[in-house]
Amino acid sequence: NMERFLGYREELRASGMSGLLDFNPEDHQAAKPLGTPSAHTKLDLSLVIDTTGSMGDELSYLQTEFLALSTTIQEKYPSAEQRWSLVVYRDVGDDYVARGFDFGTDPEVFRQQLDEQSPGGGGDFPEAPDAAFERMNQLAWRSDPNTAKLAFWVADAPHHDGRAAALKAAIETAQ
């Protein structure tokens, strides 16, 4: 519901909430798909996950439920070839800032990559999603028009104030 989203976003902006990127309502409307989407025979899905210490419950949930998610997609869209990629990130000064696992078709391999992740680091409120989105944009996304491309960002903290332009640029590149 774009109207509800834009209203909510305006309330946040009016409250003075920090961390909002300077996308305007027209930017959001332009990113919204128009009309009925065409049928796709291929599906590229990327999970971009904040793996700082506060994300333990969310990471555990995704590790437990991933195969059910993949199976549900396969059952609902049996002719769609799924490929999964993973980008995990923390913050500057942690064990890593962002690392990625490129697309693959075997959900079991993806599950193993996901299972190898553990929460840690962080420490301050903002994290480094700009580095994660930049890494996500380097993945081998298919350019075939029959490919639906989706990225899911799972996080609980915003970017560092000084990295807003980098995050916005990475989101625009992904679009």
Side-chain angles (χ1 to χ4, degrees), residues 1 5 8 19-21 31 33 37 40-144 146-160 163-164 166-168 170-175:
N1 183 324
F5 167 76
Y8 173 71
L20 294 175
L21 298 177
H40 295 94
T41 57
K42 299 173 186 169
L43 182 59
D44 282 358
L45 296 118
S46 185
L47 293 183
V48 179
I49 306 172
D50 172 350
T51 56
T52 57
S54 61
M55 292 294 292
D57 289 344
E58 291 80 3
L59 182 59
S60 177
Y61 178 81
L62 289 169
Q63 289 167 330
T64 302
E65 295 298 324
F66 169 72
L67 286 178
L69 174 63
S70 175
T71 300
T72 299
I73 293 170
Q74 182 62 42
E75 288 170 356
K76 190 163 179 128
Y77 304 99
S79 63
E81 177 192 320
Q82 295 180 47
R83 292 192 327 155
W84 291 86
S85 70
L86 176 64
V87 176
V88 293
Y89 71 96
R90 291 185 177 166
D91 202 2
V92 175
D94 289 339
D95 291 344
Y96 60 88
V97 177
R99 62 182 175 200
F101 303 85
D102 216 337
F103 288 100
T105 58
D106 187 339
E108 191 59 43
V109 170
F110 180 88
R111 186 197 58 77
Q112 290 171 357
Q113 292 167 338
L114 185 60
D115 283 354
E116 292 169 1
Q117 308 311 309
S118 60
D124 60 353
F125 184 58
E127 310 301 355
D130 54 291
F133 276 79
E134 289 167 1
R135 179 68 186 95
M136 182 195 74
N137 289 335
Q138 296 170 5
L139 298 172
W141 294 88
R142 291 182 276 205
S143 58
D144 180 338
N146 289 325
T147 302
K149 295 171 255 189
L150 300 170
F152 293 95
W153 181 18
V154 182
D156 67 351
H159 58 281
H160 289 275
R163 300 297 299 162
L167 180 57
K168 181 180 180 187
I171 290 170
E172 289 173 329
T173 298
Q175 183 184 8

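Worth knowing before you read on, the calculation uses all heavy atoms, side chains too, and leaves out hydrogens, waters and symmetry mates.
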What about Phe133 and Trp153, are their ring centers closer than 6.0 Å? yes

Check whether any side-chain N or O of Gln63 sits under 3.5 Å from a backbone N or O of Gln117 as a donor-acceptor pair, and report yes or no. yes

Write out all pairs satisfying salt bridge (Lys or Arg N to Asp or Glu O under 4.0 Å) with one or both partners inside residues 59-82, taking only residues at least two apart or from two chains. Glu81-Arg142

Hey, are the side chains of Phe125 and Pro158 touching, using non-hydrogen atoms and a 4.5 Å cut-off? yes

Looking at Tyr96, I'd like to know if its OH atom is crowded, meaning that more than 12 non-hydrogen atoms belonging to other residues, nucleotides or ligands lie closer than 6.0 Å. yes

Using a 4.5 Å cut-off on heavy atoms from C-beta on, say whether the side chain of Pro107 contacts that of Gln82. no

Taking the side chain as every heavy atom from C-beta outward, state whether Ser46 and Trp141 have any pair of such atoms under 4.5 Å apart. yes

Answer yes or no: is there a side-chain heavy-atom contact under 4.5 Å between Val87 and Leu47? no

Residue pairs, two or more places apart or on separate chains, that pass side-chain hydrogen bond (donor to acceptor under 3.5 Å, both in side chains) and touch residues 122-139: Asp130-Arg163

What's the verdict on side chain to side chain donor-acceptor pair (under 3.5 Å) for Asp156 and Ser54, showing C-alpha distance, side-chain angles and the deciding distance? CA-CA 8 Å; Asp156 67 351; Ser54 61; 2.7 Å; yes

So, Tyr89 versus Thr52: side-chain donor-acceptor pair below 3.5 Å or not? no

Close aromatic pair by centroid cut-off 6.0 Å: Trp84 and Phe103: no

